[in-house]
Amino acid sequence: MIDFSLLNPEQRAAAEHVEGPLLVFAGAGSGKTRVITYRIANLIQNHRVYPGSILAVTFTNKAAEEMKSRLGRLMGDQAKGLWVGTFHAICARLLRESGRVIGVEPNFLVYDDSDQVDVIKQILKSLDIDEKQFPARQISYAISRAKEKLLGPEEFEKKAFEFFDRVVARVYPRYQEALQLANALDFDDLLLKMIQLLQHDAQILERYQDRFRYILIDEYQDVNYAQYILVQLLAKKHHNLCVVGDDDQSIYSFRGAEVELILRFQKDYPEAVMIRLEQNYRSTQPILDAAFSVVSQNRSRAPKRLWTERTEGMPLTLTRAQDDSDEAQLVADYLQRQVLKGDRTYGDFAVLYRTNAQSRSFEDAFRRNRIPHRIVGALRFYDRKEIKDLLAYLRLIVNPDDAVSFRRVINAPPRGIGAQTQQTIQAHAAIINGSLWDACQDETFEKRLSPRAKQALGHFTKMIEELRQQAHSLSVTALVKNALERSGYWHHLQMEGTTEARDRIENLMEFMNVVAVFEETSEDKTLLAFLQHASLVSDMDSVQEQGNEVLLMTLHTSKGLEFPVVFLVGVENGILPHSRSETPRDIEEERRLCYVGMTRARDELHILYAQARRVYGDFRWSQPSPFLKALPEEELIPLHRVMYSSTSAYQGISPAILRALSQEEYDPFTETEAFGEERADIRDPVSPESLLFLPGQRVNHAKFGFGIVIRTEPAAQGDYYVTVMFSGATGLKTILASTGLLKGA
DNA sequence: TTCAGGAATATTTTT
DNA sequence: TATTCCTGAA
């Protein structure tokens with residue numbers, strides 16, 4: 001039996017809802033996943049719903065995994081047979097099951113964005129369109145947006161009036177043909193084809209409607225139009241649709257997400273029950289208040305406000321830094337102190353920023369200060385060149401007609417098949433109206449090549465052909481090994497001997513681990529199954545294990561996570577909101593981004609901005625973000641005040657006391673005083689250089705002379721002991737940092 | 001064919 | 001400032 005007593009009344013109402021549409025507004029940290037899992041458990045255990053008739057859709061694999069494991073914990077084997085997965089994974093699975101009737105072969109592979117761009121580049125070349133004027137990326141983006149709106153090439157063509165769109169309209173149909181030829185679907189196609197399938201065949205539609213009697217969509221504020229239509233189709237018959245989301249956390253409109261769709265839910269389903277989860281189990285009240293004051297400036301949002309039982313808490317800090325490196329140094333100083341005092345460990349902190357480029361100054365500062373840290377999500381595992389190359393080999397083994405993979409590996413590593421030869425292949429393929437692979441196999445083709453190229457190409461095709469043969473008998477692990485060896489890829493990397501090559505080799509070995517795990521856990525152990533699996537998981541959760549390190553990430557990647565202490569940095573006009581956001585709609589999304597960042601914080605939230613920063617090389621002045629004007633000013637203190645106050649137990653002390661610690665009133669919006677002066681003024685009494693000692697550092701003592709710091713350990717009252725090895729006969733001594741007898745040397 | 005150096009370019013990125 | 005992509009010389 002499920003114990004509902006752990007839920008608050010609203011959570012419980014949502015979890016106990018059985019029939020009919022349900023809309024749950026689940027604010028940040030409101031226990032959303034708990035509600036979802038309890039509701040599913042309730043359906044199965046108390047209402048005898050067959051697990052296989054429940055469909056739970058998420059946006060990320062991580063969320064899907066999380067849900068599965070929590071369901072498993074809650075009810076063990078009873079959760080078996082549930083459909084839990086991302087939109088894309090579920091569509092892929094269903095299309096393999098019954099996509100044939102609309103011409104989708106079950107062995108299709110999925111093209112990711114860089115594959116798309118590659119295809120489009122080729123098309124641009126063949127159409128003689130200038131890539132400078134019409135970048136492949138932008139065209140691919142335009143096609144993707146069209147598909148999200150369910151516009152096929154013909155429909156798009158009819159609506160394409162602008163110059164750029166006219167070009168897109170020429171590329172789009174060819175792009176589709178190219179995918180068809182390679183038996184590939186892109187991410188958007190997975191949804192598009194699924195919808196086509198359901199609209200094409202009433203029987204199949206009804207079969208799926210009956211199969212998925214209970215549908216649950218997580219993060220509903222992020223659905224795009226295609227996903228919305230798909231959900232409508234599936235839920236049409238039984239109306240047992242539960243959507244969970246938070247319009248305040250909609251930050252993916254550039255990927256096609258439409259907030260309006262969650263706000264419209266009650267119009268779509270007038271009988272829908274609406275529940276708001278407003279109790280927050282994560283942050284302190286000051287943090288929630290500040291976050292609310294920011295996001296409530298938005299005009300288009302459903303009314304709601306988070307509250308918590310954690311009414312006491314450290315007030316936010318708002319700090320103006322001199323420039324970006326000063327900003328990073330301030331953060332480094334602050335967190336280093338907390339760790340030295342024993343109040344926190346490195347893993348308690350997260351630095352959140354708007355753009356990836358901002359990570360640089362923090363990396364520099366953290367490295368300088370020997371602060372363990374990790375940048376999250378900058379380069380995804382499957383986006384690495386070596387991994388993509390290897391995957392291309394594997395895809396080519398499964399399907400030699402895959403043009404993208406063919407081009408990718410034909411000369412990687414360099415094997416003497418250069419641009420000239422590749423062009424010849426391309427041209428011949430066009431003549432015989434076949435794939436690149438077909439062209440190489442064609443008898444009349446060889447005459448067109450130089451002997452040298454002929455030999456090189458012969459080696460290549462023979463190698464692929466042999467690997468293809470082996471695919472029937474060998475395990476994926478063995479195939480991967482063979483592919484790396486036979487292709488010369490492995491050897492090539494080994495020869496290079498650079499650190500970079502070493503990294504690549506390491507990544508490839510990590511990849512082999514992934515393969516091994518797949519072979520252990522998957523039922524279908526074929527290479528095809530592996531590729532299909534790999535194309536839908538990008539983040540590789542397995543290598544993301546936590547260490548005790550400060551995490552750095554963009555605001556986007558921070559969604560769904562939480563940290564004891566959050567530094568929200570670079571909160572400046574032009575960065576947050578970003579200068580590229582123009583319309584009021586854009587600005588509202590930027591504000592939500594700010595809100596998402598703020599609500600990641602459990603105990604402490606520190607907001608920083610710089611007066612100037614280096615942008616693409618040159619210095620530029622910045623202004624604080626207009627979003628900050630919404631913050632309750634009387635609650636704000638700059639970080640220096642907290643840092644250099646003699647009170648160690650800053651946690652839990654009242655805002656009044658903290659304010660009293662500061663000598664003067666602090667107004668974050670006046671730009672009058674010279675910052676340098678203010679800074680010196682604050683730092684002088686106890687500058688960080690004089691109090692912060694790290695192992696390995698050289699120091700000078702008033703009496704003992706020179707020495708090297710061996711270790712530091714927390715003492716009372718925020719102070720700490722520094723153990724130093726002094727030169728000469730003095731040897732080891734332990735000195736209390738606050739005595740001020742030690743100086744950096 | 002390859003590789004080195006110069007020009008162009010630089011939000012966010014669940015799948 | 002860094003990175004990527006493209007062009008021209010060896």
Side-chain angles (χ1 to χ4, degrees), chain A residues 57-65 85-92 110-117 121 131-132 135-137 140-141 144 147-148 185-191 218-219 221-224 226-227 249-257 324-325 352-361 363-364 377-380 382-383 385 411 413-423 450 452-453 456 533-539 541 553-561 570 574-582 586 589-590 592-594 596-597 613-620:
Chain A
V57 186
T58 63
F59 273 83
T60 65
N61 292 301
K62 201 174 154 207
E65 289 311 314
T86 63
F87 269 106
H88 299 268
I90 284 165
C91 286
V110 178
Y111 271 11
D112 70 11
D113 342 358
S114 65
D115 298 326
Q116 293 179 44
V117 169
K121 275 190 181 158
E131 256 200 75
K132 288 273 153 55
R137 259 253 104 74
S140 133
Y141 182 69
S144 181
K147 287 186 174 180
E148 276 159 5
L185 300 182
D186 64 25
F187 286 130
D188 302 306
D189 282 342
L190 291 172
L191 289 147
D218 192 16
E219 306 278 16
Q221 78 280 356
D222 288 338
V223 294
N224 64 33
Q227 290 160 338
Q249 293 187 75
S250 166
I251 54 174
Y252 281 104
S253 75
F254 67 98
R255 302 279 264 137
D324 50 327
S325 65
L352 310 183
Y353 38 76
R354 176 66 238 265
T355 67
N356 286 121
Q358 289 169 259
S359 68
R360 165 145 283 110
S361 33
E363 268 189 283
D364 290 347
L379 182 58
R380 290 176 308 174
Y382 283 94
D383 281 344
K385 186 181 175 300
N411 205 30
R415 51 168 73 87
I417 309 177
Q420 190 60 53
T421 312
Q422 289 183 42
Q423 213 163 356
S450 68
R452 238 184 124 126
H533 165 80
S535 60
L536 294 175
V537 287
S538 67
D539 49 353
D541 308 321
M553 68 190 86
T554 66
L555 289 166
H556 282 91
T557 40
S558 77
K559 196 174 106 175
L561 305 175
I575 294 182
L576 184 68
H578 196 272
S579 53
R580 295 275 278 259
S581 43
E582 288 160 352
D586 293 340
E589 178 148 319
E590 296 287 310
R592 291 194 291 268
L593 209 39
C594 184
V596 166
R613 81 174 48 239
R614 219 170 245 290
V615 187
Y616 306 143
D618 48 22
F619 262 106
R620 278 198 222 158

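Note on naming: letters A, B, ... go to the chains in the order of the sequence lines (proteins, then strands), and numbering restarts at 1 for each one. This structure is a prediction, so every number in the text was calculated from the model and none was measured.
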Tell me whether A:Phe59 is stacked on the nucleobase of B:dT15, counting only the six-membered base ring and applying the 5.5 Å and 30° thresholds.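 Here A:Phe59 fails the 5.5 Å or the 30° condition.
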
Under a 3.5 Å threshold, yes or no: a donor from one side chain and an acceptor from the other, between A:Glu219 and A:Gln221?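 Yes, side-chain donor-acceptor contact under 3.5 Å.
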
Would you indicate what [X] reaches in the nucleic acid, counting non-hydrogen atoms under 4.0 angstrom: base, sugar-phosphate, or nothing?
{"X": "A:Asp222", "answer": "base"}
{"X": "A:Ala63", "answer": "nothing"}
{"X": "A:Arg360", "answer": "sugar-phosphate"}

Kindly say if [X] contacts the phosphate of [N], meaning a side-chain N or O under 4.0 Å from OP1 or OP2.
{"X": "A:Thr86", "N": "B:dT14", "result": "no"}
{"X": "A:Thr421", "N": "B:dT1", "result": "yes"}
{"X": "A:Asn356", "N": "B:dT13", "result": "yes"}
{"X": "A:Tyr616", "N": "B:dT11", "result": "yes"}
{"X": "A:Asn224", "N": "B:dT15", "result": "no"}

Interatomic distance, [X] [atom1] vs [N] [atom2] [rounded to whole Å]:
{"X": "A:Glu363", "N": "C:dT3", "atom1": "CD", "atom2": "C1'", "answer": "14 Å"}
{"X": "A:Phe254", "N": "B:dT15", "atom1": "CZ", "atom2": "P", "answer": "12 Å"}
{"X": "A:Ile251", "N": "B:dT11", "atom1": "CD1", "atom2": "P", "answer": "17 Å"}
{"X": "A:Lys62", "N": "B:dT14", "atom1": "NZ", "atom2": "P", "answer": "11 Å"}
{"X": "A:Leu352", "N": "B:dT12", "atom1": "CG", "atom2": "P", "answer": "15 Å"}
{"X": "A:Arg580", "N": "B:dT13", "atom1": "CZ", "atom2": "P", "answer": "14 Å"}

In terms of the nearest nucleotide of DNA chain B, which residue is placed more toward the 5' end: A:His556 or A:Asp188?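 Nearest nucleotide further toward 5': that of A:His556.
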
Closer to the 5' end of DNA chain B via nearest nucleotide, is it A:Gly617 or A:Ile417?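 It is A:Ile417 whose nearest nucleotide is closer to the 5' end.
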
From the set B:dT1, B:dT13, B:dT11, return the single nucleotide nearest to any side-chain atom of A:Gln420.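 Of B:dT1, B:dT13, B:dT11, B:dT1 is nearest to the side chain of A:Gln420.
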
Donor-acceptor pair under 3.5 Å: do we get one between A:Arg255's side chain and the base of B:dT13?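 Checked by distance alone, the answer is yes.
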
When only distance counts, do a donor and an acceptor, one from the side chain of A:Arg614 and one from the base of C:dT1, lie under 3.5 Å apart?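 Result: no qualifying N/O pair found.
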
When the [atom1] atoms of [N] and [M] are considered, how many whole Å apart are they?
{"N": "B:dT13", "M": "C:dT4", "atom1": "P", "answer": "16 Å"}
{"N": "B:dT12", "M": "C:dC5", "atom1": "P", "answer": "15 Å"}
{"N": "B:dT14", "M": "C:dT3", "atom1": "C1'", "answer": "25 Å"}

Please classify the glycosidic conformation of B:dT11 as syn (within 90° of 0) or anti (everything else).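 Syn, which is what one calls it when the glycosidic angle falls within 90° of 0.
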
Do A:Asp186 and A:Lys147 have side-chain heavy atoms sitting under 4.5 Å apart?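 Heavy-atom side-chain distance check passes, below 4.5 Å.
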
Heavy-atom side-chain proximity of A:Asp113 to A:Phe187 below 4.5 angstrom: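 Side chain of A:Asp113 against side chain of A:Phe187, heavy atoms only: contact under 4.5 Å found.
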
Could A:Glu589 and A:Arg592 be called an ion pair, given the rule that one side-chain N must be under 4.0 Å from one carboxylate O?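 A:Arg592 and A:Glu589: salt-bridged.
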
Looking at A:Asp222 and A:Lys559, is there a salt bridge between them, counting it only when a charged N and a carboxylate O are closer than 4.0 Å?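 Counted as a salt bridge, because a side-chain N and a carboxylate O are separated by less than 4.0 Å.
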
Where do A:Glu590 and A:Ile575 come nearest, in terms of heavy atoms and distance?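 Looking at all heavy atoms of both residues, the closest pair is OE1-O, 4.1 Å.
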
